[in-house]
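In what follows, a single structure is set out as structure tokens and then discussed.
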Amino acid sequence: MTGPGPHAVLAAAHHDEAAREQFLVDLRREVVRQARVDNRQVYETRVLPAFKKEHGRAPKDRHEIRKAMLGDELGRTTSALRVTQQEMKWDAVHETVTRQYDDLQGRAHPHHARGTLRLDPDLALPRYLTAVDIHGMPGNYTGDRSAEDIFAGAIYDRGVFVRGMGMGGPYNDSFGRATVAYLKKAYPDFKPRRILDAGCSIGHSTLPFCAAYPKAEMHAIDLGAPMLRYGHARAESLGRTVHFSQQNAEATDFPDNHFDLIIGMAMLHETSTKAIANVFRDHYRILAPGGLCLHFEGPPWDRIPDFDAAVHDWDTHFNAEPFIGKMHDLDPKKLVVGAGFAPANYIDTYVPAGFKGTSGSLGGDIWLFGGRK
């Protein structure tokens, strides 16, 4: 695995740090294989027969499969390894960033900025973001060490690359690239004037839209100030013009009918049922006539076998992402229509998102909608 793509505020890993990251990538790859392959075999040959013998039936859903697998030695071992690997990853990138943090901080202030950065120190942070350190990331997305802090963004950048085992590409932008490719194919004449990335984190998926629609005015919002500071510096370093602002996607300060395209890349599963309804209502308010909204998320549970759902739903219980399970049980079309959008304009389709030249695969569901009822 090669390292993340270079830019001005990326924490550079020396030889031993890079070797440590590679070990963690290999460990994660093995643990993922074990979770999906070895555990499936154990489930089918050992856990499922024992469950049927005890209950007189097969497990009825992913919850019963998860609990049954945790009763098996391999299931418990795999779960423990997944937690341990995640903690080791954050420890590794934490040390890399800390070693050179003062230097990174000094590089995070563009002298001739193309885009803008607008922060709101009085913004109320919702409990779904503050109750846990999402993904187990120390300090979460919002942990500020100082008035100019970028630490959360710096560890997130390298950490996501390790977690994704490089499959997201050198700039961790495969979700954005896959979404752009879908839009270009499905709507070749679509030329948005203004684009909003809601829940942008550090802009991994934002920048492919800058490249795809260079004449569009690009905006990106997030709740985490250190993520936005880092994302702004990163975008400037990579020659992209983005207007970052600290806002809650449930209630933005943008004018009505302002955006032709609104995107959200794996953002909704870190909110709540009530928040998603609010987000879609605000999308409805700020979307221009003829515009499109598009969210990229993992597939709903009813689209995949119960065992696979149990493997993916592990994050709900052990990876500090408590809303994942419930979100994938929701009916997105119902929420979209409830916000005012036309049901006939709703599209739900799967797109692959693995980066060319990498092993393995990534992908997710695109929820596309727009227009008034």
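All figures in this text were calculated on a predicted structure; none of them were measured in a lab. In what follows, residues are counted from 1 in the order of the sequence shown.
Remark: the His204 side chain and the Asp157 side chain contain an N/O donor-acceptor pair separated by less than 3.5 Å. Side-chain contact, Gln247 with Asp253: a donor N or O sits under 3.5 Å from an acceptor N or O. With no hydrogens or angles considered, no side-chain donor-acceptor pair links Ser146 and Asp149 at under 3.5 Å. With hydrogens and angles left out, the side-chain atoms of Asn39 and Thr78 include a donor and acceptor closer than 3.5 Å. Side chain to side chain, Arg285 and Thr252 meet the donor-acceptor criterion of an N or O pair below 3.5 Å. Between Glu321 and His135, the side chains place a donor N or O and an acceptor N or O closer than 3.5 Å (distance only, hydrogens not considered). Side-chain contact, Asp313 with His328: no donor N or O sits under 3.5 Å from an acceptor N or O.
Between Phe254 and His219, the ring centre distance stays below 6.0 Å. Annotation: Tyr156 is in aromatic contact with Tyr141 [ring centroid separation under 6.0 Å]. Between Phe369 and Phe280, the gap from one ring centroid to the other is short of 6.0 Å. The six-membered or imidazole ring of His283 lies near that of His295, with a centre-to-centre distance under 6.0 Å.
Under the 4.5 Å side-chain contact rule for hydrophobic residues, Tyr213 and Leu368 share a cluster. Residue Ile221 is not grouped with residue Phe209 when hydrophobic side chains (ILVMFWY) are merged at heavy-atom distances under 4.5 angstrom, including chains of intermediate members. Under the 4.5 Å side-chain heavy-atom criterion for ILVMFWY residues, a single connected hydrophobic cluster contains both Ile366 and Leu183. Put simply, Val160 and Val31 are part of two different groups of oily side chains (I, L, V, M, F, W, Y) that touch within less than 4.5 Å, one to the next. Linking ILVMFWY side-chain heavy atoms closer than 4.5 Å, directly or via other members, places Met265 and Leu223 in two distinct hydrophobic clusters.
A salt bridge links Arg303 with Asp365: at least one charged nitrogen is closer than 4.0 Å to a carboxylate oxygen. Contact check on Arg163 versus Asp315 returns a salt bridge, with a Lys/Arg side-chain nitrogen under 4.0 Å from an Asp/Glu carboxylate oxygen. The existence of a salt bridge linking Lys274 and Glu250 is excluded, since no basic side-chain nitrogen approaches an acidic carboxylate oxygen closer than 4.0 Å.
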Exercise. Show your working on salt bridge (Lys or Arg N to Asp or Glu O under 4.0 Å) between Glu30 and Arg33 and close with a plain yes or no.
Key: CA-CA 5 Å; Glu30 173 58 22; Arg33 186 203 63 78; 2.7 Å; yes
Exercise. Check step by step if salt bridge (Lys or Arg N to Asp or Glu O under 4.0 Å) holds for Lys191 and Asp260.
Key: CA-CA 8 Å; Lys191 293 180 175 60; Asp260 301 298; over 6 Å; no
Exercise. Show your reasoning for whether salt bridge (Lys or Arg N to Asp or Glu O under 4.0 Å) applies to Arg29 and Asp26.
Key: CA-CA 5 Å; Arg29 187 175 289 119; Asp26 292 340; 3.2 Å; yes
Quiz item: Do Asp306 and Trp301 pass the side-chain contact (heavy atoms from CB on, under 4.5 Å) test, and can you show the C-alpha distance, the side-chain angles, and the key distance before you say yes or no?
Solution: CA-CA 7 Å; Asp306 282 345; Trp301 301 132; over 6 Å; no
Quiz prompt | Glu21/Lys89 under salt bridge (Lys or Arg N to Asp or Glu O under 4.0 Å): CA gap, chis, key distance, verdict | solution = CA-CA 7 Å; Glu21 287 184 2; Lys89 172 196 73 181; over 6 Å; no
Practice problem: I would like to know whether Val93 and Phe161 meet side-chain contact (heavy atoms from CB on, under 4.5 Å); could you show each step before the answer? | Solution: CA-CA 10 Å; Val93 298; Phe161 186 83; over 6 Å; no
Exercise. Start with the C-alpha distance between Gln86 and Asn319, add both sets of side-chain angles, then the distance that settles side chain to side chain donor-acceptor pair (under 3.5 Å), and finish with yes or no.
Key: CA-CA 8 Å; Gln86 184 82 312; Asn319 198 31; 2.8 Å; yes
Quiz item: Going through the checks in order, is the side-chain contact (heavy atoms from CB on, under 4.5 Å) test met by Ile150 and Tyr101?
Solution: CA-CA 9 Å; Ile150 61 166; Tyr101 183 70; 3.8 Å; yes
Exercise. Dump the intermediate steps for ring pair (Phe, Tyr, Trp, His ring centres under 6.0 Å) on Tyr128 and Phe323, then the final yes or no.
Key: CA-CA 8 Å; Tyr128 55 73; Phe323 185 55; 8.2 Å; no
Practice problem: Evaluate the criterion side-chain contact (heavy atoms from CB on, under 4.5 Å) for residue pair Tyr182 and Ile347; output intermediate values, then yes/no. | Solution: CA-CA 12 Å; Tyr182 171 81; Ile347 297 172; 3.8 Å; yes
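In this structure, SG in Cys200 is found 4.5 Å from CG in Asp222, a value given to the nearest 0.5 Å. In this structure, the separation between CZ on Arg177 and CG on Leu207 is 10.5 Å, given to the nearest 0.5 Å. Note that the OG atom of Ser237 and the CG atom of Leu10 stand 9.5 Å from one another [nearest 0.5 Å]. Atoms CD and CD1, on Glu270 and Ile324 in that order, are 7.5 Å from each other to the nearest 0.5 Å. Atom OH in Tyr230 sits 11.5 Å away from atom CZ in Phe151 (nearest 0.5 Å). With rounding to the nearest 0.5 Å, the separation of OG1 in Thr206 from CZ in Arg240 is 12.0 Å.
Residue Ala251 comes nearest to Asp282 through the heavy atom pair CA-OD1, 3.8 Å, listed as atom of the first residue, atom of the second, then distance. Contact detail for Gln100 and Ala12: the closest heavy-atom pair is NE2-O, 2.7 Å. Phe244 and Ala235 make their closest contact through CE1-CB, 3.9 Å (heavy atoms, listed as atom of the first residue, atom of the second, distance). Taking every heavy atom of both residues into account, Met267 and Ala249 meet most closely at CE-CB, 4.3 Å. Summarising the geometry of Ile263 relative to Ser205, their closest heavy-atom pair is CD1-O, 4.5 Å, with the distance given to 0.1 Å. Residues Val132 and Ala320 share a closest heavy-atom pair of CG2-O, 3.7 Å.
For the pair Arg194 and Phe259, the cation does not sit on the ring face, since its NZ or CZ is not both under 6.0 Å from the ring centre and inside 45° of the axis. Arg82 forms a cation-pi arrangement with Trp314, by the criterion of a distance under 6.0 Å to the ring centre and an angle within 45° of the ring axis. For the pair Arg372 and Tyr284, the cation-pi criterion (under 6.0 Å, within 45° of the ring axis) is fulfilled. The cationic group of Lys184 does not satisfy the cation-pi geometry with Phe190, failing either the under 6.0 Å distance to the six-membered ring centre or the 45° limit from the ring axis.
For the side-chain hydrogen bond (donor to acceptor under 3.5 Å, both in side chains) condition, the pairs that include at least one residue of residues 8-19, sequence neighbours left out, are His14-Glu17, Glu17-Arg99.
The side-chain heavy atoms of Tyr346 and Cys293, taken from C-beta on, include no pair separated by under 4.5 Å.
Asp61 contributes a side-chain N or O that, together with a main-chain N or O of Glu64, makes up a donor-acceptor pair within less than 3.5 Å.
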